[in-house]
Number of protein chains: 2
Amino acid sequence: MTQDDFTETVTADDVATLAGVSRWTVNRAFKPEASISEKTRTKVMAAAQQLGYVPDLQAASLASDRSNLVALLVDDFANPHKLVMMEKLTRILRQNRWDTLLVNTLDAEDATSALLTASQRRVDAAVLIGVQFDDQVLKTALGARRVRKLILFARQSENPNTISICCDDQAAMTTIADYVIAQGYQRPLFLAGPQTVSAHLHRKETFVARWQAAKDHPCPVIPVGAYDPDLAYQTVAERLQGLTDSNRPDVLVCENDALAMGAIDALRYELGLQVPQDIAVTGFDDAPLAASPHYRLTTYRQPLADMVQGLVQVLKGETPDTPLTGFEGELIIRASA
Amino acid sequence: MTQDDFTETVTADDVATLAGVSRWTVNRAFKPEASISEKTRTKVMAAAQQLGYVPDLQAASLASDRSNLVALLVDDFANPHKLVMMEKLTRILRQNRWDTLLVNTLDAEDATSALLTASQRRVDAAVLIGVQFDDQVLKTALGARRVRKLILFARQSENPNTISICCDDQAAMTTIADYVIAQGYQRPLFLAGPQTVSAHLHRKETFVARWQAAKDHPCPVIPVGAYDPDLAYQTVAERLQGLTDSNRPDVLVCENDALAMGAIDALRYELGLQVPQDIAVTGFDDAPLAASPHYRLTTYRQPLADMVQGLVQVLKGETPDTPLTGFEGELIIRASA
DNA sequence: GCGCATTTTGCACGCGCGAGCAAAATAGGT
DNA sequence: ACCTATTTTGCTCGCGCGTGCAAAATGCGC
């Protein structure tokens with residue numbers, strides 16, 4: 001490491017002169033699929049190493065209209081499961097040489113602006129793992145140029161210009177419903193998330209329909225304003241307060257684990273009920289802590305790694321080998337139901 | 001929305017012709033501090049709006065050597081508190097017109113490569129909020145060009161070329177120690193994180209020293225291999241198994257909430273102990289769920305928002321109005337100790 | 001060693017914008 | 001209205017690299 005390498009950026013030209021080749025050959029050496037002889041490649045790489053050169057991806061994306069950059073829009077930082085998703089996404093994307101721009105979308109109004117931010121960085125795709133995106137946002141997002149692909153991850157939309165990657169919510173929730181029914185529960189209550197979003201899950205509809213079909217009476221639903229354990233806690237505490245044993249639900253089917261955890265805490269600490277003896281609870285996601293002895297949550301785990309692989313295929317423009325909205329997860333049976 | 005706006009990128013030139021000005025005037029209109037008359041700015045903005053134009057930040061950063069991009073390196077996705085940090089960082093950075101590149105750093109070996117990735121995107125700074133960065137990594141990172149600023153967020157290093165932004169861990173842990181002592185606990189056990197990192201916290205040293213000074217006998221320490229609740233659970237279960245009431249610690253001082261939560265679960269569900277009656281627990285961070293009725297964790301909350309503001313000042317090159325390693329948080333007293 | 005097919009290398013041009021200065025327009029004073 | 005001080009606008013050149021093709025080098029069969 002000589003003294004001349006402060007922060008002067010070293011370009012492909014520098015490497016080229018050192019290696020005695022042209023600038024283009026240098027850059028070719030860094031592309032796995034380029035046509036270049038092994039001999040010159042090693043020669044170039046040695047020179048690059050010596051100078052500490054790495055190709056400038058900004059410049060590359062300017063010149064080529066591919067950036068290998070993906071924007072990840074998140075608006076739901078209250079849900080610890082998002083951490084798991086982010087980890088898987090960033091890791092697997094990086095393995096495939098994509099970088100991730102993390103954009104914090106404050107709310108639905110902000111989503112458009114967030115998408116704009118992404119487009120200013122020439123991202124190859126925007127991946128939405130939040131919850132508050134409505135069709136209006138999706139539409140204007142696609143009107144805006146430069147976001148070539150709009151991908152809903154673990155969410156779904158009918159919008160023909162978006163790509164949804166998610167597990168088969170219907171199959172998944174049917175599995176849960178059948179399990180709940182098989183366990184002999186009689187008075188379910190469905191704890192749903194915000195009812196305003198249209199890029200959504202089919203969990204509520206599926207469960208309600210399935211229950212109706214099997215038992216011939218409806219399943220009540222209460223919505224929580226956000227997928228937030230604290231809000232779920234409050235909502236459950238209020239809504240179940242003062243009910244007698246016989247008109248209280250005997251199972252709480254929750255749209256995801258964040259709601260389920262808040263619900264369990266409310267049941268225990270506000271209503272003094274035992275889970276699952278007095279009331280059972282199911283979740284969805286298998287979030288961190290779902291397995292902890294405190295919750296022992298019966299839940300459903302999505303095949304996140306496979307779904308991210310699907311995403312990679314979409315980004316590469318390959319035709320995915322699994323239907324993108326039909327991933328299959330598994331029911332994780334623990335003690336809560 | 002006319003039909004011609006598919007995905008053809010609209011550049012400043014297009015807006016310029018429509019507005020009847022030069023390309024440079026168009027770009028000036030988008031910089032708040034530029035010298036431009038209000039009249040032409042509104043004219044330009046109208047034209048831009050009509051065409052759906054936004055400046056291309058990639059091109060801008062190529063031309064200007066400032067990218068308004070910050071890399072956020074994270075290696076600790078098991079800790080839910082990271083979600084809070086990410087939310088604050090991305091939100092406040094975006095408010096100040098910085099975008100965030102999220103880089104998942106698998107382990108210490110990978111850190112160098114992660115830094116390289118960041119440098120390839122011409123980031124203005126790399127912000128480390130992970131735990132596994134050792135001095136070797138920091139050194140090579142600074143050897144690599146193009147990462148102009150290396151910032152440790154909520155961590156500290158003696159390396160003179162890095163910038164640490166953190167609260168005064170010594171003051172913070174002293175506060176906790178004094179509280180623990182004032183509560184009359186006699187047999188503390190310090191639950192520490194991995195002992196190998198050198199970009200670190202001073203919590204353990206501070207507590208141990210403080211205890212020694214006050215009580216004149218040492219405080220034992222057990223390390224956990226990672227800041228992971230599950231690992232903490234196992235470690236605590238193993239290490240406290242079979243101890244009698246009198247030789248068991250009466251307070252577990254944990255380096256952060258992730259450890260504390262795992263510890264609490266282990267105490268309750270493996271050892272059948274009551275918190276805080278049989279053994280008290282303190283944490284650090286005030287992570288999500290720390291306030292939940294299940295944990296009611298006595299912990300210490302860092303002034304994250306202020307710290308991010310400090311980061312923004314560093315990025316802007318301003319001299320911060322608070323010493324960057326001296327932020328003051330507050331002790332949150334709940335039921336666990 | 002020759003002729004051809006094939007691989008490897010070099011190059012003109014442009015991606016969209018910014019720094020910094022020169023030209024033009026405007027304001028202010030008399 | 002005229003001259004100067006100031007603001008506003010236009011422009012040259014280059015940031016580091018990719019595309020697509022042409023030139024050079026290499027390999028192969030005989």
Side-chain angles (χ1 to χ4, degrees), chain A residues 7-45 47-48 51-69 97 119-124 145-146 148, chain B residues 7-45 47-48 51-69 97 119-124 145-146 148:
Chain A
T7 316
E8 306 100 33
T9 46
V10 24
T11 78
D13 275 311
D14 305 331
V15 180
T17 23
L18 178 60
V21 295
S22 75
R23 175 173 74 68
W24 293 270
T25 305
V26 172
N27 287 2
R28 258 190 288 259
F30 280 88
K31 323 196 149 193
E33 74 284 4
S35 156
I36 184 174
S37 75
E38 243 351 279
K39 201 169 48 176
T40 56
R41 169 171 270 151
T42 49
K43 181 173 63 179
V44 167
M45 291 312 241
L51 297 179
Y53 168 80
V54 272
D56 184 324
L57 296 182
Q58 304 274 83
S61 89
L62 184 59
S64 75
D65 90 1
R66 285 199 59 209
S67 60
N68 274 328
L69 230 200
R97 311 208 291 131
S119 83
Q120 292 189 281
R121 298 278 176 193
R122 301 180 155 238
V123 296
D124 290 335
R145 49 255 71 221
R146 285 203 287 199
R148 266 102 81 178
Chain B
T7 315
E8 307 97 34
T9 45
V10 23
T11 79
D13 275 312
D14 304 331
V15 180
T17 23
L18 178 59
V21 296
S22 74
R23 173 173 76 69
W24 295 270
T25 305
V26 172
N27 287 31
R28 260 190 286 259
F30 280 88
K31 322 194 150 192
E33 73 285 4
S35 157
I36 184 174
S37 75
E38 241 354 277
K39 204 169 46 176
T40 55
R41 170 171 270 153
T42 49
K43 183 172 61 179
V44 167
M45 290 312 240
L51 297 180
Y53 168 79
V54 273
D56 183 324
L57 296 181
Q58 303 275 82
S61 90
L62 183 59
S64 75
D65 90 2
R66 284 200 58 210
S67 61
N68 274 325
L69 230 200
R97 312 206 291 131
S119 83
Q120 291 188 281
R121 297 279 176 192
R122 299 179 158 243
V123 296
D124 290 334
R145 49 259 68 222
R146 285 202 288 198
R148 265 102 81 177

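The sequence lines fix the lettering, A, B, ..., with proteins before strands; numbering per chain opens at 1.
A sub-4.0 Å separation between OP1 or OP2 of D:dC15 and a side-chain N or O of B:S61 is absent. The phosphate of D:dC15 (OP1 or OP2) has no side-chain N or O of B:S64 nearer than 4.0 angstrom.
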Collect all protein-nucleotide pairs involving nucleotides 6-13 of chain C in which both atoms are nitrogen or oxygen and the distance is under 3.5 Å.
residue, atom, partner, partner atom, Å
C:dT9, OP1, A:S37, OG, 3.4
C:dT9, OP1, A:T40, OG1, 2.9
C:dT9, OP2, A:S37, N, 3.2
C:dT9, OP2, A:T40, OG1, 3.3
C:dG10, OP2, A:S22, N, 2.9
C:dG10, OP2, A:S22, OG, 2.7
C:dG10, OP2, A:T25, OG1, 2.4
C:dG10, N7, A:R28, NH2, 2.8
C:dA12, N6, A:W24, NE1, 2.9

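A:K31 has its NZ atom 8 Å from the C1' atom of D:dC17, to the nearest Å. Between the CG atom of B:D56 and the C1' atom of C:dG16 there is a distance of 6 Å, rounded to whole Å. With rounding to whole Å, A:D13 atom CG is found 9 Å from D:dC15 atom P. Distance, A:Q58 CD to D:dC17 C1': 12 Å, rounded to whole Å. With rounding to whole Å, B:N68 atom CG is found 13 Å from C:dG18 atom C1'. The interatomic distance linking A:F30 (CZ) with D:dG18 (P) rounds to 11 Å, in whole Å. Rounded to a whole Å, the CG atom of B:D65 is 9 Å from the P atom of C:dA19. Rounded to an integer number of Å, the gap from B:N27 CG to C:dG20 C1' is 15 Å.
Nucleic acid contact for B:K39: none, since no nucleic acid atom lies under 4.0 Å from a heavy atom of the residue.
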Table please: side-chain donor-acceptor pairs of residues 20-29 of chain B below 3.5 Å, with sequence neighbours left out.
residue, atom, partner, partner atom, Å
B:S22, OG, B:T25, N, 3.4
B:S22, OG, B:T25, OG1, 3.1

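Relative to the side chain of A:T9, the nucleotides C:dC17, C:dC15, D:dG16 differ in distance, and D:dG16 lies closest.
Contact annotation: the side chain of A:T42 approaches that of A:E38 to within less than 4.5 Å [non-hydrogen atoms, C-beta and beyond].
Separating the CG atom in B:D56 from the OG atom in A:S61 is a distance of 7.5 Å, to the nearest 0.5 Å.
In terms of the side-chain hydrogen bond (donor to acceptor under 3.5 Å, both in side chains) criterion, residue partners of B:S67 (sequence neighbours excluded) are, by chain and number, B:D124.
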